[in-house]
2 protein chains.
Amino acid sequence: MAYTDGYTLYTVSVGCQRKGGTMGSEQTPPGGGSSTFEFLWREGDRPRSSPGPRPGLSVTQVVVAAIAIADADGIDAVSMQQVAKRLEVTPMSLYRYVPSKKHLVEAMFDEASGAPPGLDAVPGGWQVRVEAWVTALWGRYQAHPWMLRAQVSQPIGPNQLAWLEALLAVIKDIGLTYEEMVSLALFLTGATQGLARISTDLARAAGEDDLISFGEALAAVARPDRFPTLSALLSAGTFDLPAGAAGEATSTETDLTFGLRQLIEGIEAHVAARAERG
Amino acid sequence: MAYTDGYTLYTVSVGCQRKGGTMGSEQTPPGGGSSTFEFLWREGDRPRSSPGPRPGLSVTQVVVAAIAIADADGIDAVSMQQVAKRLEVTPMSLYRYVPSKKHLVEAMFDEASGAPPGLDAVPGGWQVRVEAWVTALWGRYQAHPWMLRAQVSQPIGPNQLAWLEALLAVIKDIGLTYEEMVSLALFLTGATQGLARISTDLARAAGEDDLISFGEALAAVARPDRFPTLSALLSAGTFDLPAGAAGEATSTETDLTFGLRQLIEGIEAHVAARAERG
DNA sequence: AGCCATCAGTATAGGCCATATACCGTTGCC
DNA sequence: GGCAACGGTATATGGCCTATACTGATGGCT
């Protein structure tokens with residue numbers, strides 16, 4: 001592996017990009033120079049020493065502008081035209097920085113993921129750190145709900161791999177096999193993401209007037225003969241929200257931590273039983 | 001609640017729909033007659049007794065055609081034009097059956113969800129049934145991977161509520177509070193969905209030539225100093241796939257059942273401890 | 001029997017969208 | 001100073017969703 005040493009998380013990158021980039025091995029992966037992978041791992045500031053005018057923007061600026069739009073108006077509002085308008089350039093000029101909109105969205109996702117939390121400083125055992133990791137990831141999704149709707153083919157960006165690494169480091173020495181570590185990491189990632197998605201969906205429905213809330217919908221159709229358990233829960237007020245739209249996020253977070261704690265307990269029992277057997 | 005008695009899961013519906021539908025209470029929910037909720041719960045066959053030509057299609061036919069396209073070419077290939085082409089009508093005629101594309105997608109999701117599995121016949125305790133439920137849901141997502149990419153605002157369709165009911169019925173009497181039951185149900189739904197999404201993403205990457213596989217990507221950038229744990233796993237061959245592209249789905253399913261079993265074990269301990277305390 | 005409101009399907013058009021292509025003008029190196 | 005590289009733009013193509021206006025068929029009513 002002979003990539004250049006000077007790559008950076010593009011969180012701090014400032015320079016522009018070349019068509020093929022210069023990182024990576026000589027034999028480019030199938031798909032050629034515009035693969036998402038290469039784009040996400042492009043090098044940061046490239047010392048300019050070529051003819052032509054100086055670029056007026058940077059990849060990061062484009063990505064950040066797109067994220068701002070997505071934060072404000074959702075992922076569907078992110079179009080090349082809108083991003084260009086925000087940066088006060090023509091739509092086509094964006095293609096000097098981003099190979100395609102698909103690449104832009106993937107870069108948005110990785111950028112919005114940010115750096116994982118530092119878990120070494122967290123006091124307590126691995127259980128606490130795992131929970132801290134999950135909570136931090138949950139926080140990212142709450143800050144950028146569009147991430148849960150964005151079409152990202154694979155988690156292979158620098159930040160995403162850093163998150164994975166951070167979690168694996170926490171559960172490295174708790175008594176799991178390598179395969180189990182990967183299983184657990186993927187499970188936690190998937191569970192957090194899945195539940196965050198449900199959470200934001202519910203919150204949006206509770207917030208927007210033209211959408212019916214889950215409780216209302218349930219009340220309209222949950223007849224005891226057809227949905228007995230749901231009806232029982234409904235009658236008991238289990239779906240009544242604590243306080244307005246904001247309550248949705250916190251209540252779903254409760255669901256997440258509940259499941260997480262049970263999961264952790266199960267893992268503890270699992271590794272304890274294994275240690276006992278030898 | 002005075003909805004008509006004759007509503008059916010539109011899986012078996014055949015008739016056409018009116019603008020406002022006739023189900024539901026008199027006071028329509030906020031958003032008016034074209035809310036997703038009302039559309040999903042529209043009644044089935046409506047006995048025609050009005051002037052005008054007979055409809056040549058049905059809502060179900062439109063939804064099924066759209067699903068066929070999504071199954072074959074992904075959710076992005078589903079456009080009003082493509083669906084119309086498949087049904088040999090003009091694009092605009094679809095709007096006689098479906099209020100908008102958004103409604104169509106929601107209907108696709110519920111239709112593709114299908115009826116939940118019958119879990120009463122499953123031998124064994126609630127643990128086995130929960131696992132059967134999760135596996136069945138997993139199977140749906142594998143059969144229709146586009147479901148994980150579709151923009152569905154809320155799980156309030158007939159089939160989706162039936163799935164939820166089925167799960168709740170299984171965990172109804174195992175010793176959880178109502179709140180915990182909901183937490184567990186949402187957690188399981190979210191985890192299955194989230195992991196299925198990761199699974200299909202990985203499988204697609206492994207299958208398509210223009211995408212780099214996760215293992216390849218990792219090998220390209222996972223330097224020991226920056227990603228020590230990932231590097232260790234990589235060296236140990238943990239990311240090597242068992243057999244080709246199909247192996248991805250099964251290996252991710254292993255991740256799911258691993259997490260699920262730990263979760264169930266934790267729940268068992270949880271309710272056992274509570275029963276002991278009284 | 002004949003009117004007519006109703007409704008299925010169509011045709012057209014407007015306003016978005018991503019992006020291929022061709023072009024202009026600027027820049028730094030030789 | 002020439003020239004190749006490069007940033008930014010203008011234009012155009014083909015796709016998308018859907019509002020609007022229309023045609024023609026239908027069945028209940030008088």
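Convention: sequence-line order gives letters A, B, ...; per-chain numbering from 1.
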[X] [atom1] - [N] [atom2] separation (whole Å):
X: B/Leu94; N: C/dA11; atom1: CG; atom2: C1'; result: 15 Å
X: B/Tyr95; N: D/dA21; atom1: OH; atom2: P; result: 17 Å
X: A/Arg96; N: D/dT9; atom1: CZ; atom2: P; result: 11 Å
X: A/Leu57; N: D/dC6; atom1: CG; atom2: P; result: 17 Å
X: A/Leu104; N: C/dT19; atom1: CG; atom2: C1'; result: 14 Å
X: A/His103; N: C/dA18; atom1: NE2; atom2: P; result: 15 Å
X: A/Gln61; N: D/dG7; atom1: CD; atom2: C1'; result: 14 Å
X: A/Lys101; N: C/dC16; atom1: NZ; atom2: C1'; result: 11 Å

Hey, does [Y] have a side-chain heavy atom less than 4.5 Å from the side chain of [X]?
X: B/Tyr97; Y: B/Val63; answer: no
X: A/Gln154; Y: A/Thr36; answer: no
X: B/Ser113; Y: B/Met147; answer: yes
X: B/Asp201; Y: B/Phe214; answer: no

Kindly say if B/Ser50 contacts the phosphate of C/dT6, meaning a side-chain N or O under 4.0 Å from OP1 or OP2. no
Counting only side-chain N and O atoms of A/Tyr97, is one of them less than 4.0 Å from OP1 or OP2 of D/dG8? yes
Residues which pass side-chain hydrogen bond (donor to acceptor under 3.5 Å, both in side chains) with B/Asp73, listed by chain and number, not counting sequence neighbours: none
May I ask you to list the residues of residues 79-89 of chain B, by number, that have any heavy atom positioned under 4.0 Å from an atom of DNA chain D? B/Ser79, B/Met80, B/Gln81
Which nucleotide in the set [options] lies at the smallest distance from any side-chain heavy atom of [X]?
X: B/Thr90; options: C/dG9, D/dT9, D/dG24; value: C/dG9
X: A/Pro91; options: C/dT19, D/dG8, D/dC6; value: C/dT19
X: A/Pro51; options: D/dA4, D/dT26, D/dG8; value: D/dA4
X: B/Met92; options: C/dT19, D/dT20, C/dA8; value: D/dT20

With sequence neighbours left out, write down each residue that passes ring pair (Phe, Tyr, Trp, His ring centres under 6.0 Å) with A/Tyr141, or none if nothing qualifies. none
So if I apply the side-chain contact (heavy atoms from CB on, under 4.5 Å) rule between A/Val98 and each of A/Val83, A/Val62, A/Val105, which one comes out positive? A/Val62
